[in-house]
Amino acid sequence: MKVFKSRIDGWLAMIAFGLPVVGISIPLSKLGVSVKALPPIAIVAAVLMFEAWLFSTVQYRIEEGELRIRAAFLRWNIPIRDIRSVTPTGNPLSAPALSLDRLSIVYGEKEILVSPVDKDRFIEALRAVNSRIAAPESSRW
């Protein structure tokens, strides 16, 4: 089994974790640290914990002839033999990817976007299972 973590864009992490903190600072500046401030603090803490969990769970596993993608409570199991191509993309559509430095994986009649930290090693691992996958010479373009 090979496990690949998602690349994380710094700007995305700043927005995801910074906005809740900035959002709570406004009510706290008016309420002060008091009993009235506890519900907003609890909500922001819950949001930050959820985001931390989400960011830590995005991964791509190559295991038993499948590409197993996990993102929080979402799962995809793609037979590697069905993958036709892997190409670089910056497509911003919603995907199990925490970076816009992505790979488009076409399998069957579907497409999924991923953002492994080490794209070259990821592609090599896929092609080790299915050598017919059309892929760029190197993802270092």
Side-chain angles (χ1 to χ4, degrees), residues 1-34 36-141:
M1 170 180 55
K2 294 182 181 172
V3 179
F4 298 86
K5 292 295 225 173
S6 178
R7 177 182 306 274
I8 300 173
D9 283 345
W11 65 267
L12 178 62
M14 298 260 301
I15 290 171
F17 293 98
L19 283 179
V21 172
V22 170
I24 192 65
S25 66
I26 294 166
L28 284 180
S29 68
K30 293 181 181 181
L31 297 173
V33 179
S34 67
K36 290 181 181 180
L38 291 180
I41 291 171
I43 291 168
V44 168
V47 166
L48 291 172
M49 288 188 315
F50 174 76
E51 289 174 341
W53 173 67
L54 176 65
F55 273 57
S56 69
T57 61
V58 178
Q59 63 177 235
Y60 319 107
R61 290 180 183 215
I62 296 174
E63 179 176 32
E64 299 174 4
E66 287 187 327
L67 171 57
R68 297 179 181 173
I69 301 171
R70 177 180 177 202
F73 47 82
L74 301 173
R75 307 274 191 278
W76 293 262
N77 293 324
I78 301 167
I80 295 173
R81 70 178 179 278
D82 293 348
I83 297 175
R84 296 192 329 237
S85 66
V86 179
T87 54
T89 184
N91 188 332
L93 289 178
S94 179
L98 299 172
S99 171
L100 290 180
D101 186 7
R102 297 174 169 189
L103 295 172
S104 167
I105 298 175
V106 176
Y107 62 102
E109 298 302 315
K110 300 177 182 177
E111 175 187 29
I112 193 162
L113 305 172
V114 297
S115 61
V117 172
D118 189 341
K119 292 183 291 195
D120 289 330
R121 213 174 101 237
F122 177 76
I123 292 169
E124 287 171 13
L126 289 174
R127 294 195 79 211
V129 177
N130 178 359
S131 61
R132 295 174 314 210
I133 295 172
E137 289 295 315
S138 171
S139 64
R140 294 184 185 102
W141 56 91

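Computed from heavy atoms alone, side chains included, the values below leave out hydrogens, waters and symmetry copies. One-based numbering along the sequence shown.
Arg81 CZ: 12 or fewer foreign heavy atoms inside a 6.0 Å radius. Heavy-atom contacts from other residues, nucleotides or ligands closer than 6.0 Å to CZ of Arg132 number 12 or fewer.
Under the 4.5 Å side-chain criterion, counting only non-hydrogen atoms from C-beta, Leu12 is not in contact with Ser99.
Put simply, CG on Leu113 and CD on Glu111 are 5.0 Å apart, with the number rounded to the nearest 0.5 Å. In this structure, Ile105 CD1 and Ile133 CD1 are separated by 8.0 Å, a value rounded to the nearest 0.5 Å. If you take CG on Leu19 and CG on Leu48, they are separated by 10.5 Å, rounding to the nearest 0.5 Å. To the nearest 0.5 Å, the span separating CZ on Phe4 from CD1 on Ile123 amounts to 10.0 Å. Taking CG from Asp82 and CG from Leu67, the interatomic distance works out to 11.5 Å, rounded to the nearest 0.5 Å. Atom NZ of Lys110 and atom CZ of Arg84 lie 12.5 Å apart (nearest 0.5 Å).
Partner of Arg68 under the side-chain contact (heavy atoms from CB on, under 4.5 Å) criterion, out of Ile78, Asn77, Ile62: Asn77 alone. Shown are Phe50, Trp11, Phe55; of these, the ring-ring contact (aromatic ring centres under 6.0 Å, His included) with Phe17 is made only by Phe55.
Minimum interatomic distance between Ala71 and Leu54 (heavy atoms only, all atoms of both residues): C-CD1, 4.5 Å. The shortest heavy-atom contact between Pro96 and Val58 is O-CG1, 3.6 Å. In plain terms, the two heavy atoms of Leu98 and Ser115 that are nearest each other are N-OG, 3.3 Å. Nearest heavy atom pair, residue Leu126 against residue Ile83, reads CD2-CD1, 4.1 Å. Looking at every heavy atom in both residues, Lys2 comes nearest to Ala125 through CD-CB, 3.9 Å. When all heavy atoms of Ala95 and Arg102 are compared, the closest pair comes out as CB-NH1, 3.8 Å.
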**Request:** Dump the intermediate steps for side chain to side chain contact (heavy atoms under 4.5 Å, CB included) on Tyr60 and Leu103, then the final yes or no.
**Result:** CA-CA 12 Å; Tyr60 319 107; Leu103 295 172; over 6 Å; no
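Evaluation of the side-chain contact (heavy atoms from CB on, under 4.5 Å) rule for Gln59 yields Val3, Lys5, Arg61, Arg70 as partners, not counting sequence neighbours.
Look at Lys119 and Asp101 and you find a salt bridge, because one of the NZ, NE, NH1 or NH2 atoms lies within 4.0 Å of a carboxylate O, short of that distance.
A donor-acceptor pair under 3.5 Å links the side-chain atoms of Asn130 to the main chain of Ile80, judged by distance alone.
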